There are 2 protein chains.
Amino acid sequence: MSDAGVVAERIVPRRNTSAAQARVIGASLELFARHGVGRTSLQMIADAVGVTKAAVYHQFRTKDEIVIAAAEAELASLEGVVDAAEAESSRTKARGVLVLGIVDLAVEHRRPVSIFLSDPDVVQYFAEHEPFRHVMDRLCRVLMGQTIGHEERVSTAILTAAISGVVMHPLVAGLDDDTLRSELQQLTRRLLPPMN
Amino acid sequence: MSDAGVVAERIVPRRNTSAAQARVIGASLELFARHGVGRTSLQMIADAVGVTKAAVYHQFRTKDEIVIAAAEAELASLEGVVDAAEAESSRTKARGVLVLGIVDLAVEHRRPVSIFLSDPDVVQYFAEHEPFRHVMDRLCRVLMGQTIGHEERVSTAILTAAISGVVMHPLVAGLDDDTLRSELQQLTRRLLPPMN
DNA sequence: GTCTATATATAGATAGAC
DNA sequence: GTCTATCTATATATAGAC
């Protein structure tokens with residue numbers, strides 16, 4: 001984004017994730033989405049990876065660490081989309097790329113993306129999570145323009161909440177990906193203010 | 001609704017709920033919202049009510065029964081709003097009452113309302129729950145008109161998902177009820193098609 | 001309708017060998 | 001990096017007295 005005036009920096013700490021850790025995160029993401037965080041046990045995670053609980057505990061010291069790592073992996077996907085948007089030459093293009101990217105993420109992940117906003121503990125965690133707030137601010141800036149205030153944040157919350165909420169709503173459970181994608185794109189058009 | 005052509009019937013089975021059962025449901029609703037369904041134990045519920053686990057098990061045979069009863073209590077609140085809307089004399093008035101009612105429910109309950117769409121088990125349960133689908137269809141009809149199709153259902157999903165999603169979004173955690181309410185009302189105006 | 005007491009399973013987590 | 005074995009706490013659930 002040429003007119004950003006701010007260097008796009010990735011502050012989400014993508015600490016060097018080993019292959020073993022990545023397997024745990026991947027399995028956890030699926031299980032969290034299917035059963036909820038609280039109802040997913042370390043035994044279930046270990047079974048899904050194909051190792052014992054002790055092996056999982058060798059990669060992460062507590063279950064909470066797994067939850068956080070999984071949530072941050074989802075956040076990293078989102079940040080990738082924001083990166084791509086900010087790399088565009090105009091704000092109009094940037095916004096288009098961002099919206100398409102968010103919709104794609106939501107549709108592809110379907111329920112995993114919901115972890116962000118569904119589990120109370122995760123919500124609580126992210127509410128106080130500086131990297132999350134930073135990514136959301138960057139996202140907000142691409143959508144709404146340079147001046148971020150109270151109202152812009154709420155609008156951004158509405159857009160992202162609506163998208164995440166729709167993909168996991170019982171009423172759209174039977175919808176195929178393409179239809180869902182196009183409905184969500186229509187939705188964003190109605191929710192976003194016109195470009196100026 | 002005079003032009004409904006369909007008798008409004010309450011099919012949500014509000015089985016005779018004893019006072020003791022109501023206390024359990026109320027406490028559970030709060031705890032589920034705060035900690036998630038899976039992380040809420042029967043001990044926590046019993047403590048919140050001020051009795052022992054055994055007393056709770058006298059009211060409900062399993063934890064799942066409590067989850068279902070709590071979810072149906074939330075559904076009953078929603079159905080109350082739909083009832084009120086359908087009692088209006090015109091569709092314009094009905095839609096206004098319905099939207100105001102849904103927003104009020106969401107704001108007052110804040111996180112409890114999210115149980116519907118947050119816990120994967122509850123989502124799964126409602127997706128196959130006939131009374132839920134019936135209430136959603138009635139809601140959909142008030143919002144979108146008599147002809148309910150694929151597209152109308154998705155629009156309804158979007159509206160309710162957006163509202164539920166927003167109230168529990170980290171970005172609006174610090175917002176007072178009145179501001180949140182007015183933002184949500186603006187939201188519904190943007191999402192609903194104009195009355196014809 | 002509520003209690004004490006208990007059965008049984010599983011949770012999260014650790015020790016130490018390979 | 002993974003294992004077996006184990007600790008301890010807590011989970012769901014039940015039996016039977018008051």
Side-chain angles (χ1 to χ4, degrees), chain A residues 14-74 115 118-126, chain B residues 14-73 115 118-125:
Chain A
R14 264 311 65 206
R15 52 158 163 265
N16 308 337
T17 306
S18 71
Q21 284 176 325
R23 281 196 298 275
V24 171
I25 292 173
S28 301
L29 233 23
E30 270 197 50
L31 290 167
F32 290 162
R34 192 169 2 254
H35 305 287
V37 175
R39 281 179 171 168
T40 300
S41 68
L42 265 110
Q43 188 63 66
M44 291 160 76
I45 295 172
D47 288 348
V49 177
V51 297
T52 62
K53 277 193 294 182
V56 175
Y57 271 109
H58 183 75
Q59 308 299 334
F60 298 94
R61 274 160 51 180
T62 64
K63 185 185 174 183
D64 276 358
E65 275 192 19
I66 299 176
V67 175
I68 290 172
E72 282 178 346
E74 286 287 276
I115 297 171
S118 69
D119 186 273
D121 290 328
V122 176
V123 169
Q124 178 67 18
Y125 173 71
F126 270 124
Chain B
R14 263 315 61 208
R15 50 158 163 265
N16 310 336
T17 305
S18 71
Q21 284 177 324
R23 282 196 297 276
V24 171
I25 292 174
S28 301
L29 232 24
E30 272 196 46
L31 290 167
F32 291 162
R34 196 175 350 259
H35 306 287
V37 175
R39 282 178 170 169
T40 300
S41 68
L42 266 111
Q43 188 62 65
M44 291 161 75
I45 295 172
D47 288 348
V49 176
V51 297
T52 62
K53 279 190 295 181
V56 176
Y57 272 109
H58 182 74
Q59 308 299 335
F60 298 94
R61 276 161 49 180
T62 65
K63 184 185 174 184
D64 275 357
E65 274 192 19
I66 299 177
V67 174
I68 290 172
E72 281 177 347
I115 296 171
S118 70
D119 188 274
D121 291 327
V122 176
V123 169
Q124 178 66 19
Y125 173 71

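Everything numeric in this text was worked out from a predicted model, so none of it was measured. Each chain gets a letter, A, B and so on, in the order the sequences are listed, and its residues count up from 1.
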Polar-atom pairs under 3.5 Å, protein N or O versus N or O of nucleotides 6-11 of chain C: list them with distances, or write none.
from: C:dA11; atom 1: OP1; to: A:Ser41; atom 2: OG; distance (Å): 3.2

Nearest-0.5 Å distance, [atom1] of residue [X] to [atom2] of residue [Y]:
X	Y	atom1	atom2	answer
B:Phe32	B:Ile66	CZ	CD1	6.5 Å
B:Glu30	B:Met44	CD	CE	11.5 Å
A:Leu42	A:Ser28	CG	OG	8.0 Å

Taking all heavy atoms of [X] and all of [Y], pick out the closest pair and write down the distance.
X	Y	answer
A:Val122	A:Ala71	CG1-CB, 4.4 Å
A:Ile45	A:Val24	CG2-CG1, 4.1 Å
A:Thr62	A:Tyr57	CA-CE2, 4.3 Å
B:His35	B:Arg39	O-CB, 3.3 Å

Can you figure out which of C:dT2, D:dG1, D:dT2 approaches the side chain of A:Val51 most closely?
D:dT2

Which part of the nucleic acid, if any, lies within contact of A:Arg39, taking any heavy atom under 4.0 Å across all strands shown: a base, the sugar-phosphate backbone alone, or nothing?
nothing

Between [N] atom [atom2] and [X] atom [atom1], what is the distance in whole Å?
X	N	atom1	atom2	answer
A:Arg23	D:dT2	CZ	C1'	11 Å
A:Phe60	C:dT14	CZ	P	15 Å
A:Tyr57	C:dG12	OH	P	6 Å

Could you provide the dot-bracket string of DNA chain C, using ( ) for intrastrand pairs, [ ] for crossing pairs and | for bases paired to another strand, with Watson-Crick or G-U pairs below 3.5 Å?
||||||||||||||||||

Grab the N/O contacts between the protein and nucleotides 15-18 of chain D below 3.5 Å, and write none if there aren't any.
none

The criterion is side chain to side chain contact (heavy atoms under 4.5 Å, CB included); which residues satisfy it with A:Ala55, sequence neighbours excluded?
A:Val51, A:Thr52

Tell me, please, which residues at least two apart from B:Asp47 pass side chain to side chain contact (heavy atoms under 4.5 Å, CB included).
B:Gln43

Go through it in stages, so that I can follow the logic: the residues are A:Phe60 and A:Ile68, the test is side chain to side chain contact (heavy atoms under 4.5 Å, CB included), and I'd like the CA-CA distance, side-chain angles, deciding distance and then a yes or no.
CA-CA 10 Å; A:Phe60 298 94; A:Ile68 290 172; over 6 Å; no

For A:Tyr125, side-chain hydrogen bond (donor to acceptor under 3.5 Å, both in side chains) partners two or more places apart
A:Glu72, A:His129

Has A:Gln21 got a side-chain N or O lying under 4.0 Å from the OP1 or OP2 atom of D:dG1?
no

N/O (side chain, A:Thr62) to phosphate O (OP1/OP2, C:dG12) under 4.0 Å:
no

